[in-house]
Amino acid sequence: MIMFVDVAFPISSYKVFTYKVSPALAEKATVGVRVNAPFGRRNVKGIVIAVYKTNPFKGKLREIKSYVDDEPILDKPLWKLIVWMSDYYLTPIGQVAKTVLPSKLSTRYNPSVLWMVRILSKGDNANLDNLGKNAPTQAKVLAQLKTYEDVIQVSELRSLARNPLGVCQRLEEKGLVKLLKETRTPNVTGFTFDPISKQIYFTKQQREVLHKLSSMLNPKKFSSHLLHGVTGSGKTEVYIEICRKVLAYNRTVIILLPEILITPQIAGRFKSVFGDAVALWHSKLTQAVRAWTWKRICLGDFKVIIGARSAVFAPVKNLGLIVVDEEQESSYKQESPAPKYHTREVALMRGKLHKAMVVMASATPSLESYYNQIKGKFTYLQLSHRYGGAKYPQVFVVDMKKEQDEAGKIGQIFSGLLLDKIENRLNKSEQIILLQNRRGYAPIFRCNNCGEVEMCPSCNVTMTYHKVGHSLQCHFCGLKKKAIELQCKNCSGHNMGLLGIGTQKVEDILIESFPGARIARLDLDTAQSIVSTTKLLKKFSSGKLDILLGTQMIAKGLDFENTTLVGIINADTGLYLPDFRAGERVFQLIYQASGRSGRHKKPGEVVIQTYDAGNAVIKHAAKLDLKKYYNMALSERRELNYPPFSWMSNLVFSGKKKTTVLDRADKVRTGLSGKYKGLDIIGPAPCYRERLRGRHRIQIVFKSAKAQDPNGLKLHHFLQQNFGPEINQQTHSGVITSLDINPVSIQ
Ligand code: ADP
Ligand code: ZN
């Protein structure tokens, strides 16, 4: 019987296309299956989103060519997840489908095969002249093989024959050689630490947490939890144990980690317990490993998937548990391309659809999750002590302004205290982690005498210095001020400076100051290949390096026994980004980084260098006083109606010509006022990154108070009605409009 299907393609449009399915293919025509279909002049991969028995479309139809996969990849919940994401993030379903099922991946992948050949004794004794009369190439190849004792790769004979395999096959027919086929299974060992076995005796607190979680493990029910455990409290051991229980129910597990760099160590720990049932999944695997792993996930070979953001879509069947480790991390947000999803949101929805358990875990939860826990949306589980009596490190705050006055040197990178402590650790053969989180784009204009950075009074974000026009601007509400010529408005000093020290510079100074030390740097520039970074981390772990220097990527998740000093070179980096979450991020980063120190028997120390020692964020972070800081931050958010007290979305307009972008933003803005009570529309104002890749960027921010819009539905409908179809399309004189639902940064 002929069938008809609607197919969505990964294009930026909501349009779907109807196709005919021939009787031969009709049997497999189901919703969620991937097809190759003619589209324009090419064949394109698409996904079936509806199936009909009669033709729903009057025009002439083209025909589906073939299926992409042999097995249906999507189970119902995963398909529903795609549909939900398309609606929630206002993104065409074809584009969501491509995110969930990357088009390069297919269950038809087969690892490459390597042909080997070995000469047999009959071949060794064969008369080459006779053979050469009829088959000169075969004789040449055989002569060559006589010189080898062992098997060799057939491809090594390429200089003698254009098709060496064919020649060897002829020789094999004559009984002169033996061909052997070796499947080259992609090698995954470079991506994980070696498994180590360890005796685990759970503490009372750990047992309590495990007991609560186990009691909620129910194959028919969704549940969500916030596991708030200080760094080194054994959260990972808890995941492993609960994972064991979930597997016993014959269900599968996804463990999400915020940073690819820490996947090898954690995967090693899981492998020591679950062996080959564990698979690693992230974007830095090689093509072959990715393709191979994905196929085997589809076939059900793996029960535990450990990975970064995209692992939330791992097509495991019978999912029972998702853990989102360090759930506050902004790397969980996909910024581009659309859908701009947040892994936390997707994990919760996937958990609901699979009736699975979802555990948000962190030493420093996001304010959102912290608030959700207060509101009772998550059960709250706590691990408040480090395992094995390991003490929390002692923290020293160095006021770099004072340091500067005393040393008489400006722009110093290392304080005397930090230098002393590094020296001391080097002498004791203990290890050091140094954090220099150079992020942000435009430099910040700051007074080197008093540390003053100008803030916008109504948005509580930094004013950004603009060279052109010599002005300070709030990139949130658009407020603009003339910068006082090279003078601090707080102390009237004339020592204004641009901030900016990168890891590279720090490394140079380290090498100069400690010529004998073995130093490694890890940041986006050096972390190009995961295999080489894993090597580097293994090296540090086994004591072959003294100092590990890096950006925020080294601040979390790593567990090194001999690290007893963490230095935060400039704790203020990121503090002055024009984003209402800036403070929260800096707090979490300092707290996390501190957590790398003294995790085991040896006590640890942390040195925090700051130009703003009086800053509330730095002060609370230095005391590692999370509760106090969170309560303060929550009351600030409440006052300004920021998330978690409101729903937020932002709309970014970008284009080559500034005036066209502005015009477009103004026009859109004009039509939007007064739609419902509790909706707050801010802007248009320039984005913090005002020009990005040659495009001017202007944004409008929407806030919808939870008091009036408890589930965010009002804002959702408002956005859907006003913007749905035009998002991400090159419309209106080259101005692209892109919508971000629940953005993690307003930049
Ligand atoms: P977190 O994930 O909370 O930072 P980890 O799970 O990495 O903490 O635990 C810190 C260290 O303590 C790890 O080396 C871990 O193996 C060890 N550990 C934690 N709990 C136990 C336990 N119950 N028995 C033995 N070792 C433990
Ligand atoms: Zn000043």
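Indexing begins at 1, ligand by ligand and atom by atom, following the structure's order. Scope of the values below: all heavy atoms of this structure, side chains included, with no hydrogens, waters or symmetry mates. For reference, positions follow the sequence shown, starting with 1.
Every atom of ligand 1 with a heavy atom of Val230 under 4.0 Å away is listed here by number and element: 3 (O). Less than 4.0 angstrom separates some heavy atom of Phe202 from each of these atoms of ligand 1: 23 (N).
The shell of residues lying under 4.0 angstrom from ligand 1, judged by heavy atoms, includes Gln199. Ligand 1 lies nowhere less than 4.0 angstrom from a heavy atom belonging to Gly229. For the pair Arg386 and ligand 1, no heavy-atom separation below 4.0 Å is found. Within the structure, the closest approach of Leu383 to ligand 1 does not fall below 4.0 Å when heavy atoms are considered.
Closest to atom 5 (P) of ligand 1 by heavy atom, among Arg269, Glu326, Gln265, is Arg269. Among Tyr387, Phe560, Tyr239, the residue whose heavy atom lies nearest to atom 22 (C) of ligand 1 is Tyr387.
Ring geometry for Tyr370 against Tyr380 counts as perpendicular: the plane angle is over 60°, on a 0 to 90° scale with 30° as the lower cut. Note: Tyr332 and His342 have tilted aromatic rings, judged against thresholds of 30 and 60 degrees for the angle between ring planes.
We find that Lys602 and Glu561 are not joined by a salt bridge, their nearest charged nitrogen and carboxylate oxygen being 4.0 Å or further apart. Between Glu208 and Lys204 there is a salt bridge, with a side-chain nitrogen of the basic residue lying less than 4.0 Å from a carboxylate oxygen of the acidic one.
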Exercise. Go through the steps to decide whether Thr293 and Ile305 satisfy the test side chain to side chain contact (heavy atoms under 4.5 Å, CB included), and finish with yes or no.
Key: CA-CA 10 Å; Thr293 305; Ile305 313 298; over 6 Å; no
Quiz item: When you look at Glu368 and Lys377, which way does the salt bridge (Lys or Arg N to Asp or Glu O under 4.0 Å) test go after all the steps?
Solution: CA-CA 11 Å; Glu368 275 86 351; Lys377 283 195 183 163; over 6 Å; no
Quiz item: Should Tyr341 and Phe313 be marked as a ring-ring contact (aromatic ring centres under 6.0 Å, His included) after you check the CA-CA gap, both sets of side-chain angles, and the distance that decides it?
Solution: CA-CA 12 Å; Tyr341 68 89; Phe313 302 121; 5.1 Å; yes
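Taking distance alone, with nitrogen or oxygen atoms compared against 3.5 Å, Gly232 approaches ligand 1 more closely than that limit. Between Thr231 and ligand 1, a contact under 3.5 Å exists for no N or O pair.
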